[in-house]
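Read the numbers this way: they start at 1 and go in the same order the structure lists the ligands and their atoms.
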Amino acid sequence: MARVVVVGGGYGGMASAARLAKLGHAVTLLEQGPALGGALGRVVRDEFAWDTGATATLLPAVARDLFRKSGRPLERELELVHRDVVREHWFADGTRLMLPGSSREAQLHAVDALGPGLGEAWLAHVAAYADDWEMLRREYLERPWDPDVISTETRKRVLTRESLHRRLRRALPDARLRQVAAHPLEAEGHVLRQVPAWAGVTAYLEQRFGVWTIPAEAGGMAALGTALAARLTTRKVEVRTGVAVRDVVVREGRAVAVATDDGEVDADVVVCAIDPRRLPALAAHVRRTLPTMPAVAVHLGVEGDVPDLGPETVVHGDADFTVTTGGLAPAGAHAWTVRGRGRLHEDVVDALARTGLDVRKQVVRRVDDSPRDQVERWGGSPWGVLWQGRATVTERLGPRTPVPGVYAAGASATPGAGLPYVGLSAALVAQVVGPA
Ligand SMILES: Cc1cc2nc3c(=O)[nH]c(=O)nc-3n(C[C@H](O)[C@H](O)[C@H](O)COP(=O)(O)OP(=O)(O)OC[C@H]3O[C@@H](n4cnc5c(N)ncnc54)[C@H](O)[C@@H]3O)c2cc1C
């Protein structure tokens, strides 16, 4: 049995801790903040509540696998609900697209309404990711990445020089469809020319497996964090909140402890589930990586005459706004979150009003959450490492790191940010650490 110390109590840290405890290790989880969850959290004002981070997830199978492998199945803890609509896009020319999930046929009809033939072009673009997905799943997402043993075919695909920018220009004849395909990556703060083409696989996952969420009345996506925190208690993980880890202590070439303001905590195995640039022993190995910048966010309580928006609406323009509507609100009111990216020279709600979505007079509650607030609160960006071309694949740590005894999980580790990938990173760490 190894003494495992997990650094960071977000989804990545909690998932790693639950899996390793189930494998028989003695696990301690250290979280700098007052509570677990990281970006899986909730902000509450009076009768309003909003998710602070994730509002939905792709690939619910990843969360299901985590709960099943660490105890009671997820279905016994909470219900992930399928969302019929992936999102609605409002384009600058006044046209709109309601993109349905989990159905080729429904996407064909919806996209064709933008222009004849566009539906077929969209389906062909998405279908081209089927092979990428199979390869990624088998050799990158579910197996520890090792550039030395990977097959030539996978190596070529994962380390492709083709950028998503180039792929979209080649595959999609319509600028609006390119915006739709680019959105998931741009919303995370990436620049398409720096993103490998296969990262566009999100469009395939949305079409094939759909988007899933936890309704606000059931606690919102934060409930997933709460359920996982409860799982840590069941698995007898020692959780210490209010403890910031400053570094990994390395003696005779391997990790033996982590350093905190209150002294060292001994460890045979350390799992770094935070931005490794925060820990000097690891920082030297990720010097060339950059973090993504979270979007400007504002949580709004609105009431009165407001447009009836779906769960997620993207308004494209000089800046792009993503409006999610699934928060908890009293009768007659709505809880929206507006996230803005791009050329934003004024208040987000004013800038949104210029696009025609003007709710300024209907706002009854408002909570601002700037990129700086988010990074300070979570000790880094929950969107992980910025794509800087294909080199990012190998420069990102995880599941192993160059420091013996230290493993990396979470948004800044392989295979990246977003709940499914963060969940997979924890599974990869559990795989390489192995049973006690
Ligand atoms: C606004 C927003 C919207 C999002 N929407 C979605 C979505 O709809 N779907 C989706 O799948 N994903 C979404 N994501 C991404 C997803 O939420 C994250 O990728 C995921 O939650 C990251 O989990 P994590 O554990 O890696 O990091 P975090 O959640 O950032 O957790 C890191 C934890 O480590 C702690 N910590 C930091 N430094 C230290 C230290 N030195 N010592 C001890 N503890 C430390 C922090 O306090 C924090 O609790 C969103 C993210 C954001 C910010």
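In this structure, the side chains of L99 and V85 stay at 4.5 Å or more apart for every pair of heavy atoms.
Judged by the 6.0 Å distance and 45° axis criteria, R278 is not positioned over the aromatic ring of W378.
Between G33 and ligand 1, no pair of N/O atoms sits closer than 3.5 Å. Where the criterion is an N or O separation shorter than 3.5 Å, residue side chain and backbone included, Q32 meets it with respect to ligand 1. Below 3.5 Å of separation, one finds no N or O of I274 facing any N or O of ligand 1. Considering backbone and side-chain atoms alike, A273 places every N or O at 3.5 Å or more from each N or O of ligand 1. Here's the thing with P420: none of its N/O atoms is less than 3.5 angstrom from an N/O atom of ligand 1. At under 3.5 Å, a nitrogen or oxygen of T55, whether backbone or side chain, sits near a nitrogen or oxygen of ligand 1. Polar contact check, G379 against ligand 1: no nitrogen or oxygen pair lies under 3.5 Å apart. At under 3.5 Å, not a single nitrogen or oxygen of T52, backbone or side chain, sits near a nitrogen or oxygen of ligand 1.
Between the S370 side chain and the D373 main chain, a donor and an acceptor come within less than 3.5 Å of each other. Although no hydrogens or angles enter the test, the distance criterion places no donor-acceptor pair under 3.5 Å between the side chain of R83 and the main chain of G210. For the pair S381 (side chain) and T292 (backbone), a donor-acceptor distance under 3.5 Å is present. Under the 3.5 Å distance criterion, the side-chain polar atoms of S102 are left unmatched by any main-chain donor or acceptor of R208. Judged by distance alone, the side chain of Q388 and the main-chain N or O of R288 form a donor-acceptor pair under 3.5 Å.
Those atoms of ligand 1 that come under 4.0 Å of a heavy atom in A56, given as number and element, are 7 (C), 8 (O), 9 (N), 10 (C), 11 (O). When each atom of ligand 1 is checked for a heavy atom of G410 under 4.0 Å away, the hits are 26 (O). Contact atoms of ligand 1 toward A244: 42 (N) (distance under 4.0 Å to a heavy atom of the residue). Here is the list of ligand 1 atoms found below 4.0 Å of a heavy atom in G8: 34 (O), 35 (C), 44 (N). Per-residue contacts place L30 under 4.0 angstrom from the following atoms of ligand 1 (heavy atoms of the residue considered): 43 (C), 44 (N). The distance from ligand 1 to the heavy atoms of G38 drops below 4.0 Å at these ligand atoms: 29 (O), 31 (O), 48 (C), 49 (O).
Of all protein heavy atoms, the one lying nearest to atom 50 (C) of ligand 1 is W383 CZ2, 3.1 Å. In terms of protein heavy-atom proximity, atom 2 (C) of ligand 1 is nearest to G53 CA, 3.5 Å. Residue, atom and distance of the protein heavy atom nearest to atom 11 (O) of ligand 1 are L419 N, 2.8 Å. Nearest to atom 1 (C) of ligand 1 among the protein's heavy atoms is R339 NE, 3.2 Å. At the shortest separation from atom 19 (O) of ligand 1 among protein heavy atoms lies P382 O, 2.7 Å. The single protein non-hydrogen atom nearest to atom 42 (N) of ligand 1 is V245 N, 2.9 Å, given as residue, atom name and distance. Taking atom 49 (O) of ligand 1 as the reference point, the nearest protein heavy-atom neighbour is E31 OE1, 2.7 Å. Protein heavy atom closest to atom 28 (P) of ligand 1, with residue, atom name and distance, is A39 N, 3.9 Å.
Between the choices G12, P34, A411, the shortest heavy-atom distance to atom 26 (O) of ligand 1 belongs to A411. With atom 5 (N) of ligand 1 as the reference point, the heavy atom nearest to it among S381, G9, A54, G225 is part of A54.
Smallest separation of non-hydrogen atoms from V62 and P420: CG1-O, 3.5 Å. Across V406 and T401, no two heavy atoms sit closer than the pair O-OG1, 2.9 Å. Annotation for L300 and W50: closest pair O-NE1, 3.1 Å, computed over non-hydrogen atoms. Nearest heavy atoms, P100 versus Q107: O-NE2, 2.8 Å.
In this pair, Y140 and W198 present their aromatic rings perpendicular. The plane angle is above 60°, beyond the 30 to 60° band. Ring orientation note: the planes of H316 and H89 are close to parallel, at an angle under 30° on the 30°/60° scale.
For the pair A297 and ligand 1, no heavy-atom separation below 4.0 Å is found. Within the structure, ligand 1 lacks L279 among the residues with a heavy atom less than 4.0 angstrom away.
For W90 and F321, the ring centers sit 6.0 Å or farther from each other.
For the side-chain contact (heavy atoms from CB on, under 4.5 Å) with H334, the lone residue among V306, L328, T325 that qualifies is V306.
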